2 protein chains.
Amino acid sequence: MDKSDKEITITDVAKQAGVSMATVSRVVNGNNNVKETTRQKVMDVIDKLHYRPNAVARGLASKKSTTIGLILPNMGDLLYSNLAKGIDDVASMYKYNIILTSLKNGIGSEQQLFNDLLAKQVDGIIYMGETISNDIYKEMCNSRVPVVFAGAIDEQQQISSVNIDYVKAVRDVVKFLIDNGNRKIALVTGDLNSPINGKYRLEGYQQALENAGISYSSDNVFETVYSLQAGAAVWDAMHDSGITAAFVSNDLLAAGILNAAVDSGIQVPEEFELVTSSNTILCDVARPKMTSVAQPLYDIGAVAMRMLTKLMNDEEINDKTISLPYSFVKRGTTKNN
Amino acid sequence: MDKSDKEITITDVAKQAGVSMATVSRVVNGNNNVKETTRQKVMDVIDKLHYRPNAVARGLASKKSTTIGLILPNMGDLLYSNLAKGIDDVASMYKYNIILTSLKNGIGSEQQLFNDLLAKQVDGIIYMGETISNDIYKEMCNSRVPVVFAGAIDEQQQISSVNIDYVKAVRDVVKFLIDNGNRKIALVTGDLNSPINGKYRLEGYQQALENAGISYSSDNVFETVYSLQAGAAVWDAMHDSGITAAFVSNDLLAAGILNAAVDSGIQVPEEFELVTSSNTILCDVARPKMTSVAQPLYDIGAVAMRMLTKLMNDEEINDKTISLPYSFVKRGTTKNN
DNA sequence: ATGAAAGCGCTAACAC
DNA sequence: GTGTTAGCGCTTTCAT
């Protein structure tokens with residue numbers, strides 16, 4: 001109660017209850033080897049003294065921190081906050097705390113974050129970055145603590161990951177756009193160096209074109225950043241090129257394109273169709289509402305965290321790479337037959 | 001490198017370098033009382049062995065965890081992720097890690113989170129909840145570790161906090177709407193039990209009306225939750241009542257109202273004006289773009305974190321309650337003269 | 001069912 | 001400058 005109160009320790013409880021520290025420890029940790037009457041006695045003292053076990057001391061002694069690390073690219077992004085929500089819910093279900101870190105600009109940032117987390121003795125790490133450098137990738141593979149990718153992909157399938165089948169998602173979307181009569185379809189993504197964009201999404205895009213006998217042209221692929229302004233710029237770049245539809249890999253970027261198109265008097269979806277990728281609330285806010293691939297963000301986070309608990313517990317896991325089903329939510333930016 | 005490698009400890013480094021643990025500790029902690037040549041020698045061994053100090057052990061010995069706790073209402077909310085970004089940036093500047101927790105539904109949740117954080121020996125806590133129960137409030141006041149409210153207010157000014165002057169903000173906005181010719185103006189907020197809504201915002205609203213000689217009617221105050229659907233429902237409830245303008249305390253809610261109005265053929269801002277409160281990206285995505293009070297979210301977070309570092313450091317702080325300047329960004333949902 | 005005691009890896013007096 | 005050593009608060013054998 002009093003600000004100057006010394007913290008109550010296990011020793012205080014042991015003394016007051018007239019038992020040893022070991023017994024108090026057993027009670028606190030739910031060990032069954034304690035007589036019910038002793039147990040009660042100890043519990044009473046704990047309540048009376050408001051004893052709160054020191055997690056740091058416990059961590060040092062037991063070599064478990066019941067804390068996991070979360071590395072994400074950008075705290076301001078809705079996409080990641082939704083993933084994080086799934087992670088958080090499962091984590092608290094299993095009594096884990098989350099140390100949150102986000103990638104800062106600058107070389108070696110991920111390296112630094114990773115090391116910081118290890119220094120804090122986290123029991124596991126969830127990585128949500130879109131890209132990963134080779135150095136840190138290797139470290140993760142050999143790491144003492146398990147690592148799971150959420151909403152990201154390990155091309156080499158060494159690290160456990162949870163995501164959706166990006167190739168198929170894009171292929172399906174582009175096929176849909178082709179079936180709607182479009183022949184010149186744009187692919188608008190972020191950094192093509194990230195596997196998810198440059199490899200999977202691009203591949204799905206190319207497959208769909210090929211299946212339809214449309215020749216691929218890199219002119220129709222736009223690489224940019226995820227912002228409204230970038231979207232407007234992309235629109236400027238493509239609106240005279242005869243492109244009639246676009247698949248966009250980020251909702252904010254898509255909203256930028258959509259608004260630029262609408263603001264310039266284009267009829268959507270009659271003259272221009274657009275599909276985005278994250279199905280965040282932005283899809284419902286935009287007018288027309290945006291058609292989107294619906295990644296089960298919350299579930300990806302939740303499953304990734306569940307997977308991590310298994311790994312931390314040395315349990316068997318069936319598949320290193322889990323692909324969750326996605327859906328396709330048709331709204332106002334596409335002609336839906 | 002090898003998965004089975006034992007962790008390198010300070011003892012290993014000390015032995016290899018032929019010095020004592022204390023010296024290694026000094027080197028690691030940048031203590032100057034070390035001869036340069038010894039320092040080099042130790043550093044070399046640290047590099048060679050890839051020694052990484054164990055933060056948990058350090059925490060136990062030094063009684064500092066260089067970790068702070070963050071309690072926020074909802075991880076999926078853009079508002080909070082922006083605040084969190086400011087916190088994160090300053091935190092990493094001062095080498096603090098963040099343990100992130102979010103309020104779950106159910107009684108006693110905040111109590112539980114608070115205790116968990118204390119158990120983990122965090123050096124400080126930032127609280128971003130809109131409301132707070134009396135029990136936990138008292139505990140925070142008497143807490144061994146400093147607590148700062150970010151984007152929240154302590155009515156009793158006992159706990160340090162960073163925010164904007166909500167009363168004035170709303171008063172100014174409502175005055176603006178009155179000056180635009182509106183007489184029947186709605187106040188649309190979340191839970192009126194939270195001081196920020198029920199006390200400050202309501203007060204600002206009433207002051208503005210009073211100043212203009214307009215009588216207050218609770219019929220024009222709408223209490224609801226923060227979602228698009230809720231916004232649509234509010235629109236339904238108010239569109240026949242002669243209300244011609246609204247101040248809304250959440251962007252998502254505002255977007256819901258705006259879209260419902262526009263979708264039903266209302267001309268905005270000619271027939272209906274709307275001002276929202278958080279100036280998140282939603283304001284730019286919506287059509288027309290939404291006029292908003294611009295809380296400096298990032299800054300609130302950053303200043304709160306900076307304040308916390310001072311408190312953790314027992315430095316003097318000038319003001320317990322910091323009100324940051326806000327601005328008023330006029331966009332398309334108001335008639336701007 | 002319970003207790004004694006040896007650490008966990010580090011910091012911080014204190015001594016030299 | 002550098003080393004010695006006593007904790008920090010807890011878990012975990014190992015006895016009993």
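Computed from a predicted structure; not experimentally measured. Numbers restart at 1 for each chain; the letters A, B, ... are given by sequence-line order, proteins then strands.
For the OP1/OP2 pair of dT2(C) and a distance below 4.0 Å, the side-chain nitrogens and oxygens of Thr23(A) include no atom meeting the criterion. Close to dG9(D), at under 4.0 Å from its OP1 or OP2, lies no side-chain N or O of Thr9(A). Contact annotation: Lys63(A) reaches the phosphate of dG9(C) (side-chain N/O to OP1 or OP2, under 4.0 Å). For the pair Asn29(A) and dT11(D), the criterion of a side-chain N or O lying under 4.0 Å from OP1 or OP2 is met. A sub-4.0 Å separation between OP1 or OP2 of dT4(D) and a side-chain N or O of Ser20(B) is absent.
One interatomic measurement links the two molecules: CD1 of Ile46(A) to C1' of dC10(D), which rounds to 13 Å at whole-angstrom precision. The CD1-C1' distance, from Ile8(A) to dC10(D), rounds to 16 Å in whole Å. When rounded to the nearest whole Å, the span between CE of Met21(B) and P of dT11(C) equals 8 Å. For the pair Lys41(A) NZ and dA1(C) C1', the computed distance is 12 Å after rounding to whole Å. Atom CG of Asn32(B) and atom C1' of dT2(D) are 15 Å apart (whole Å). Here dC8(D) presents its P atom at 19 Å from CZ of Arg58(A), a figure rounded to the nearest Å. Remark: C1' of dG3(C) and NZ of Lys15(A) are 15 Å apart, rounded to the nearest angstrom. The distance between atom CG of Asn54(B) and atom C1' of dC8(C), rounded to the nearest whole Å, is 8 Å.
The side chain of Val19(B) approaches dG3(D) more closely than any other nucleotide in the set dG3(D), dT2(D), dT11(D). Checked against dG9(D), dC10(C), dG3(D), the side chain of Leu60(A) finds its nearest nucleotide in dG9(D). Residue Asn33(B) places its side chain closer to dT2(D) than to any other of dT2(D), dT2(C), dC8(C). Side-chain proximity of Ile10(B) to the nucleotides dG3(D), dC10(C), dT2(C) is greatest for dC10(C). With dG3(D), dA12(C), dC10(D) as the candidates, the nucleotide lying closest to the side chain of Ser62(B) is dA12(C).
A heavy-atom distance below 4.5 Å is not found between the side chains of Val90(B) and Tyr96(B). Phe114(B) is listed as a side-chain neighbour of Ser143(B), based on a closest heavy-atom distance under 4.5 Å. Between Tyr51(A) and Val45(A) the shortest side-chain heavy-atom distance does not fall below 4.5 Å.
Comparing the axis of the opening five pairs of the helix from dA1(C)-dT16(D) to dC16(C)-dG1(D) with that of the closing five pairs yields an angle of 30°, rounded to 10°.
Along DNA chain D, the nucleotide nearest Ala22(B) and the nucleotide nearest Pro53(A) are compared for position; the residue whose nucleotide lies closer to the 5' end is Ala22(B).
Between Lys64(B) and Asp123(B), the shortest heavy-atom distance links the atoms CA-OD1, 3.7 Å.
A salt bridge is absent between Asp154(A) and Lys320(A): the closest approach of a Lys/Arg side-chain nitrogen to an acidic carboxylate oxygen does not fall below 4.0 angstrom. Ion pairing between Asp116(A) and Lys95(B) fails under the 4.0 Å rule for side-chain N and carboxylate O.
Within the nucleic acid shown, Ser25(A) comes within 4.0 Å of at least one base atom, counting heavy atoms only. Contact annotation for Val56(B): no contact, since no heavy-atom pair falls under 4.0 Å across all strands.
A donor-acceptor contact under 3.5 angstrom links the side-chain atoms of Arg26(A) to the base of dG3(C).
Other residues, nucleotides and ligands place no more than 12 heavy atoms under 6.0 Å from the CD atom of Glu316(B).
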Could you walk me through whether Gln121(B) and Thr67(B) satisfy the side-chain contact (heavy atoms from CB on, under 4.5 Å) test, starting with their C-alpha distance in whole Å, then the side-chain angles of each, then the deciding distance to 0.1 Å, before giving a yes or no? CA-CA 8 Å; Gln121(B) 311 301 115; Thr67(B) 301; over 6 Å; no
